[in-house]
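None of these values were measured; they are calculated from a predicted model. Below, chains carry the letters A, B, ... as their sequence lines are ordered, and counting in each starts from 1.
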Protein chains: 2
Amino acid sequence: MVSESPKRLTIYDLARLADTSPSTVSAVLNGSWQRRRISQKLADKILSLAESEGYSANMQARALRRERSGIIGMILPLYDNRYFSSIAQHFEAQARQRGLFAIVACTNRDPAQEREAARMMLAYRVECLVSTGATDPDTISVMCDESGVASINLDLPGSKAPSVISDNREGARQLTNAILDRLAGQAARDDAILFIGGRSEDHNTRERIAGFSQARAERGLSTSEADILPCDYAADKAQVALEAYMRPRSTLPSAMFVNSTISLEGVVRWLQRGGYQLDDMIVGCFDWDPLAAAFHPHLIMARQSVGEMIDRVFEVIDTPSPDARLLIEVQPDIIGV
Amino acid sequence: MVSESPKRLTIYDLARLADTSPSTVSAVLNGSWQRRRISQKLADKILSLAESEGYSANMQARALRRERSGIIGMILPLYDNRYFSSIAQHFEAQARQRGLFAIVACTNRDPAQEREAARMMLAYRVECLVSTGATDPDTISVMCDESGVASINLDLPGSKAPSVISDNREGARQLTNAILDRLAGQAARDDAILFIGGRSEDHNTRERIAGFSQARAERGLSTSEADILPCDYAADKAQVALEAYMRPRSTLPSAMFVNSTISLEGVVRWLQRGGYQLDDMIVGCFDWDPLAAAFHPHLIMARQSVGEMIDRVFEVIDTPSPDARLLIEVQPDIIGV
DNA sequence: TTAGCATGCACAATCGGTTGTGCATTATAC
DNA sequence: GTATAATGCACAACCGATTGTGCATGCTAA
């Protein structure tokens with residue numbers, strides 16, 4: 001890092017150039033000059049000088065004095081996925097719109113990395129921290145509380161800060177219904193559906209399983225434990241789990257509920273190896289990927305409403321609720337029916 | 001934003017608690033205490049106090065005084081794509097490893113947003129700025145130069161700062177070769193290949209077209225201008241361009257060179273509408289997407305070596321080159337052959 | 001016994017803004 | 001022509017760290 005800065009311009013430099021005081025320059029540049037009764041003439045002079053000299057305020061100094069960093073933070077399991085990257089993108093856009101600077105850190109679904117990232121963000125004095133899909137959101141909330149910083153959970157709920165999540169149960173119910181509708185339209189061998197992917201420990205997976213079972217129950221179908229495979233979020237895990245599931249069986253399930261695009265990747269790989277095609281089954285996927293949709297128009301997908309979720313997050317930030325357990329659920333859209 | 005901070009702990013508080021001076025506390029906490037001959041005993045006392053009280057240094061104050069923010073910035077066209085999101089993820093991991101805090105901003109391939117993001121990052125006194133896939137990298141470089149901040153171009157080259165990019169020409173040549181090899185193995189109708197996607201203005205697309213033509217020329221094949229459709233990066237654009245291309249024709253091209261996964265999405269959508277399958281052609285795609293790979297094992301893809309590119313970026317940061325026009329090209333991998 | 005050095009720490013200036021306060025000067029009121 | 005108010009700006013303290021410098025005290029050596 002070769003920062004042999006040719007000394008950046010400060011308000012002191014501008015004050016000298018404009019033959020005025022630093023405090024006046026500061027007031028003019030941060031917009032408080034009318035309140036401080038600086039003359040229009042002097043303000044113009046300072047502004048044009050700042051412009052021509054390429055002045056840029058030192059945000060660290062400003063943050064220090066104002067005790068407001070202007071930074072808002074987010075921790076994210078990973079970028080490399082359409083859902084999470086879309087979250088990051090919307091978050092950044094909304095933050096910018098509010099004059100906030102967004103900082104996002106990936107924490108790989110690792111509680112230690114989550115804490116470490118939160119610690120760094122708090123050290124940089126973020127004004128608010130959003131923990132997305134955190135494995136341990138409550139610890140983050142406590143850390144934020146101790147620093148007097150607001151925190152919000154996104155995607156996975158916590159009990160110590162407001163949470164904005166998808167309505168996983170209802171989404172899963174609708175996705176399952178869509179699968180069952182299509183099954184009913186075809187002469188299917190049976191109406192068993194294999195549920196695969198996700199973590200049995202996480203709230204979303206549990207809710208989705210509940211919605212899945214509920215949709216079946218509403219049609220008088222029971223759900224067997226053996227048909228539920230929450231084998232974690234990873235393509236390989238899904239591939240291995242499916243392999244094991246299929247070993248004693250000779251025919252493909254009629255349908256599958258795949259609990260994430262990453263699990264879908266494993267499922268598709270397994271199918272390819274066995275010479276099967278995705279079209280040999282009816283497949284619903286909880287999560288959305290545009291390339292998958294293009295490749296496979298019959299694939300039913302629950303697309304989480306990322307834009308709306310981020311909007312809700314900022315609403316909570318703007319008008320903080322006294323209720324730390326506030327839970328906001330956003331409906332996903334069912335695509336491909 | 002409700003930052004009614006219950007006053008965070010400072011070195012002054014710790015000094016009072018430890019019955020010592022702020023400068024001593026500072027030295028102990030930032031590791032310079034041995035050099036300043038602080039006794040082990042006092043250091044231990046301060047450290048355990050800081051730990052138990054949950055002290056966290058104010059990075060704005062540190063940055064102000066040290067004139068080093070500890071922040072490194074990156075601008076990115078968008079997150080929502082496997083290539084760019086992977087870049088962000090590797091960048092962040094490498095930055096963290098060096099004790100730097102990474103800040104990434106999306107600029108939507110818009111020069112104005114690129115400048116604005118760069119301005120903000122410079123205001124936050126980033127120590128270095130990486131412009132990824134910037135439409136106007138040289139302006140960013142100039143802005144950084146004026147602030148005495150190092151800048152580096154990634155993915156698309158610039159002329160005023162070192163650049164790390166894929167070897168697009170060679171990658172395209174290899175990808176085209178792989179397509180031609182497969183064409184040779186089949187009784188293809190002809191050996192024309194449709195090149196679709198990308199921007200004719202951008203360096204990468206031009207290089208890829210050059211590599212494409214070169215591979216063909218090496219086999220004695222000429223390339224017709226009509227078979228090159230740089231219709232921009234967007235699924236819809238590719239779909240529309242393909243539609244127009246096919247209108248006067250009755251048969252699919254034997255093969256396609258698709259210049260990004262986003263263009264691939266448009267191509268696949270057009271094929272679906274026409275009742276075609278991707279397997280009806282031989283398809284090579286410059287870029288990689290794991291879901292696409294899973295869905296379509298015969299798809300040939302050039303996967304850019306993101307990890308290696310980021311490594312090169314940090315090498316340039318660590319040992320700055322006197323040559324602002326330094327161009328480092330990294331070989332992509334050809335997948336699916 | 002005292003000069004000389006090492007040890008252990010505190011002081012105060014500083015980074016670049018922000019903001020409460022105060023003081024001239026001019027304008028208005030009576 | 002004087003009292004009062006408005007105008008226009010400068011001063012200085014402060015945010016929380018970092019760091020050059022200096023001063024006691026204790027120890028060693030002559």
Would you mind reading off the distance between [X] atom [atom1] and [N] atom [atom2], rounded to a whole angstrom?
{"X": "A:Glu67", "N": "D:dG16", "atom1": "CD", "atom2": "C1'", "result": "9 Å"}
{"X": "B:Gln60", "N": "D:dC14", "atom1": "CD", "atom2": "C1'", "result": "16 Å"}
{"X": "A:Asn58", "N": "C:dT18", "atom1": "CG", "atom2": "C1'", "result": "13 Å"}
{"X": "A:Asp19", "N": "D:dC9", "atom1": "CG", "atom2": "C1'", "result": "12 Å"}
{"X": "B:Ile11", "N": "D:dC15", "atom1": "CD1", "atom2": "C1'", "result": "12 Å"}
{"X": "B:Leu64", "N": "D:dT18", "atom1": "CG", "atom2": "C1'", "result": "10 Å"}
{"X": "A:Tyr124", "N": "D:dA17", "atom1": "OH", "atom2": "P", "result": "14 Å"}
{"X": "B:Arg68", "N": "D:dT18", "atom1": "CZ", "atom2": "C1'", "result": "14 Å"}

- Query: Which angle, to the nearest 10 degrees, lies between the helix axes at the two ends of the helix from C:dT1-D:dA30 to C:dC30-D:dG1, each defined by five pairs?
  - Reply: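 Between the axes fitted at each end of the helix from C:dT1-D:dA30 to C:dC30-D:dG1 lies an angle of 50°.
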- Message: Which is more 5' along DNA chain C, the nucleotide nearest B:Thr24 or the one nearest B:Arg66? Just name the residue.
- Response: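 Comparing both residues, the 5'-ward one is B:Thr24.
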Side-chain N or O of [X] closer than 4.0 Å to phosphate OP1/OP2 of [N]:
{"X": "A:Ser21", "N": "D:dC11", "value": "no"}
{"X": "B:Ser26", "N": "D:dT18", "value": "yes"}
{"X": "B:Ser23", "N": "C:dC9", "value": "no"}
{"X": "B:Arg65", "N": "C:dT14", "value": "no"}
{"X": "B:Asn30", "N": "D:dA17", "value": "no"}

- Where along residues 31-55 of chain A does a heavy atom fall under 4.0 Å from DNA chain C?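 Result for residues 31-55 of chain A: A:Arg36, A:Tyr55, sorted by number.
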- Contact class for B:Ala57 (heavy atom, under 4.0 Å): base, sugar-phosphate, or nothing?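 Here B:Ala57 touches the backbone only, sparing every base.
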- Message: So B:Thr10, base contact, sugar-phosphate only, or nothing? Heavy-atom distance under 4.0 Å.
- Response: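 Sugar-phosphate, no base atom in range.
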- Query: Between the side chains of B:Ser21 and B:Thr24, is a donor N or O closer than 3.5 angstrom to an acceptor N or O?
  - Reply: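 Side chains of B:Ser21 and B:Thr24: pair found under 3.5 Å.
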- Distance-only donor-acceptor check, side chains B:Gln304 and B:Tyr83, under 3.5 Å: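 There is such a pair between these side chains.
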- Message: With a 6.0 Å cut-off (strictly less than), is the heavy-atom count around CD of A:Glu201, excluding the residue itself, greater than 12?
- Response: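 Yes, the 6.0 Å shell around CD holds more than 12 heavy atoms from other groups.
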- Query: Hey, is CG on B:Asp19 packed in by over 12 heavy atoms from elsewhere, all under 6.0 Å?
  - Reply: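 No - once you tally the heavy atoms of other residues, nucleotides and ligands closer than 6.0 Å, there are 12 at most.
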- Message: salt bridge (charged side-chain N to carboxylate O under 4.0 Å, His left out) for B:Asp318 and B:Arg98? Distances and angles first, verdict last.
- Response: CA-CA 10 Å; B:Asp318 289 339; B:Arg98 283 154 205 261; 2.2 Å; yes
- Query: Knowing that exactly one of A:Val142, A:Asp136, A:Thr135 qualifies, which makes a side-chain contact (heavy atoms from CB on, under 4.5 Å) with A:Thr139?
  - Reply: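 It is A:Asp136; the other options fail the test.
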- Hey, does B:Asn108 have a side-chain heavy atom less than 4.5 Å from the side chain of A:Gln89?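 Sidechains of B:Asn108 and A:Gln89: in contact.
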- Query: Taking the six-membered ring of B:Phe101 as reference, does the NZ or CZ atom of B:Arg96 fall below 6.0 Å from its centre and within a 45° cone about the axis?
  - Reply: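 Geometry flag: not set, cation outside 6.0 Å or 45°.
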- Item | Given DNA chain D, 5'-ward residue of the pair B:Pro22 and A:Tyr12, judged by closest heavy atom |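 So the residue in question is A:Tyr12.
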- What pair of heavy atoms forms the shortest contact from B:Phe84 to B:Leu76, and how long is it?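 Where B:Phe84 meets B:Leu76 most closely, the heavy atoms are O-CD2, 3.8 Å.
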- Please answer whether the main-chain N or O of B:Ile75 pairs with a side-chain N or O of B:Ser131 as donor and acceptor at a distance below 3.5 Å.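 Checked: no pair found.
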